[in-house]
Amino acid sequence: MPPSTPLLTMSAITKTFPGVRALDGVDLEVRTGEVHCLLGQNGAGKSTLIKVLAGAHRPDSGTITWRGERTALTSPIAAMRLGIATIYQELDLVEGLSVADNIHLGHEPTTAGFLVRRKDARASATRLLARLGHPEIDPARLVADLPAAQRQIVSMARALSHDVRLIVMDEPSAALDPDEVDNLFRIVGDLTAEGVAVIHISHRLEEIRRIGDRVTVLKDGRAVAGGLPAKTTPTRDIVALMTGRDTEHTFPPRPSPTAADLPPPVLRVEGLARAGEFTALDLELRPGEIVGIAGLVGSGRSEILETIYGARRPTAGHVLVDGTALRPGSVRSAVRAGIGLAPEERKAQGLLLIETVTRNVSLAALPRLSRAGWVDRAAERAAAQRATREISLRPDNPDAPVRTLSGGNQQKAVLARWLLRGCKVLLLDEPTRGVDVGARAELYAVIRALAAEGLAVLLVSSEVPEVLGLADRVLVLREGTVVHTADARDLDEHRVLDLVMEGSPAA
């Protein structure tokens, strides 16, 4: 099929859930061998649309044409048989199975229809992994033992184990470092050169410029633009389409305190280390200050935050709050001293998804909201609502299940928890992962406002521009060692990337 010929056409797709019209007449056209980028804020309808395409949801109305013929995607198996594979952001791999078993799950090579030919499955997996540039991944290894980047490759190998013509990739680079992103994009280029089409969903607009051919933008369940040229459409125009307002991706202004204005440190880290993860770290953090840690995935960034929080026990060193040393490896000691953590995996580690906003926000403050061992529900609800209103969490419904919130508002719920607790030090690990461009600006404003009120913030992010734009001071981390410390104004993205990849420890 020539590149200009539509491989997939979705016309006037609608999908309604109780009380919500998730898709309202959406059109999408994808051509053979192109990278078609799907953009939109959280809640715009992207997830629903790709689930319709994957056969997980049936549309209420509309038509789908595949390779020139009208079709009905009645199930994920039906979609896969047509050659449509979906790689979700939260990878649907079976951790207790091997790489080879995951790659061939549901279509294992068998003898007489029921005995799996293990040798053939491993050989096939080896070929697919080599095609993706990762021959070092052992097909016999358990998926549970693989790092995030290799799990992503296994998901792609599983897609390619079918006669796939279209791959949907939902935030594929979210957990990858720059080298791994480069390899991912090389793979995408190889696939499109072979005629495979890719639908790429990302909140990182620089990725759209790099690998995208065309862009479709969703807003409030509608396609507000389709087929825009990815490399030449101005960022301002894309953001305006996504958010409904003409805005740039900006950070709130930094204060410029003089030395006399700086209060004494609230957090002091002295010689903190964990064998095999990070070496001796010295750090001071003052009220009202935002300090960023920049480094590659696996450099020890998250481990530092978790050790300060007490979730990991250090092999050396101390953490002090207001001059008092915390008990090593004790979350209770850290929380009582005034430390809060917004973890990287907020859904798995930071939230009770089936509980309400009120319960999630009040968790850290329940002892203060209890009387004679019983939680005062009215006081809990009122306190949680005050905290969520202070940071503009939407919708303003304390009884809503937290799983129904967008990514940005789920993160606000975690921040509101520590605001209600009255913490002095806030540790933020990837605070905007999975958050759209409009909500990011709101989160940046919230974080800067909390710092202005005297909160000390220690921030980790994979996105160097985010660290440089939000932090006052930056620690550059390489292989567990701080190789450079500087005012954020004195660094740029190229300098930081040079340091994290090639830097040597600073004197």
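This is a predicted model, so every value here is computed, not measured.
The environment of CZ in Arg141 is crowded: more than 12 heavy-atom neighbours from other residues, nucleotides or ligands sit within 6.0 Å. No more than 12 heavy atoms of other residues, nucleotides or ligands sit less than 6.0 Å from atom CZ of Arg222. Atom NZ of Lys15 is surrounded by more than 12 heavy atoms from other residues, nucleotides or ligands within 6.0 Å. The 12-atom threshold is not exceeded at CD of Glu69, counting heavy atoms of other residues, nucleotides or ligands nearer than 6.0 Å. Residue-environment remark: CG (Leu105) exceeds the threshold of 12 foreign heavy atoms within 6.0 Å.
Atom-to-atom distance recorded for Arg312:CZ and Leu305:CG is 10.5 Å, nearest 0.5 angstrom. One distance of note links NE2 of His162 with CG of Leu160; it measures 10.0 Å at 0.5 Å rounding.
Here the shortest heavy-atom pairing between Ala79 and Leu53 reads CB-O, 3.8 Å. Looking at every heavy atom in both residues, Lys46 comes nearest to Leu218 through N-CD1, 3.7 Å. Closest heavy-atom contact between Pro139 and Ala125: CB-CB, 4.0 Å. For the pair Leu7 and Leu166, the tightest heavy-atom approach, listed with the atom from each and the gap, is CD2-CB, 4.1 Å. Contact detail for Leu184 and Met169: the closest heavy-atom pair is CD1-CE, 3.6 Å.
When side chains are defined from C-beta on, Ile447 does not count as touching Leu459, because their heavy atoms never get closer than 4.5 Å. Contact of the Val402 side chain with the Leu353 side chain is registered, since non-hydrogen atoms from C-beta on lie closer than 4.5 Å.
With Val154 as the partner, the side chain to side chain contact (heavy atoms under 4.5 Å, CB included) test is satisfied by one option alone out of Leu132, Leu146, Leu128: Leu146.
A salt bridge links Arg210 to Asp182: one of the charged nitrogens lies within less than 4.0 Å of a carboxylate oxygen. Using a 4.0 Å cut-off between a side-chain N of Lys or Arg and a carboxylate O of Asp or Glu, Glu344 and Arg301 do not qualify as a salt bridge. A salt bridge between Arg381 and Asp399 is present, with a side-chain N of the basic residue lying under 4.0 Å from a carboxylate O of the acidic one. We find that Asp190 and Arg186 are joined by a salt bridge, their nearest charged nitrogen and carboxylate oxygen being less than 4.0 Å apart.
Applying the salt bridge (Lys or Arg N to Asp or Glu O under 4.0 Å) test to pairs two or more places apart or on separate chains, those with a residue in residues 123-139 are Arg131-Glu194.
Judged by distance alone, with hydrogens and angles left aside, the side-chain atoms of Arg448 form a donor-acceptor pair with the main-chain N or O of Leu470 at under 3.5 Å.
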From CA spacing to verdict: side chain to side chain contact (heavy atoms under 4.5 Å, CB included), Ser462, Arg433: CA-CA 9 Å; Ser462 297; Arg433 173 166 292 174; 3.8 Å; yes
Stepwise side chain to side chain contact (heavy atoms under 4.5 Å, CB included) check, Ile293 with Val467: CA-CA 7 Å; Ile293 299 178; Val467 175; over 6 Å; no
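In the model, Glu466 has a side-chain atom that pairs as donor or acceptor with a side-chain atom of Thr432 under 3.5 Å. For Thr48 and His57, the side-chain atoms include no donor-acceptor pair closer than 3.5 Å.
Legend: residues meeting ring pair (Phe, Tyr, Trp, His ring centres under 6.0 Å) with His134, ordered by chain and number and at least two apart, are absent. His104 meets the ring pair (Phe, Tyr, Trp, His ring centres under 6.0 Å) test with His107; sequence neighbours excluded.
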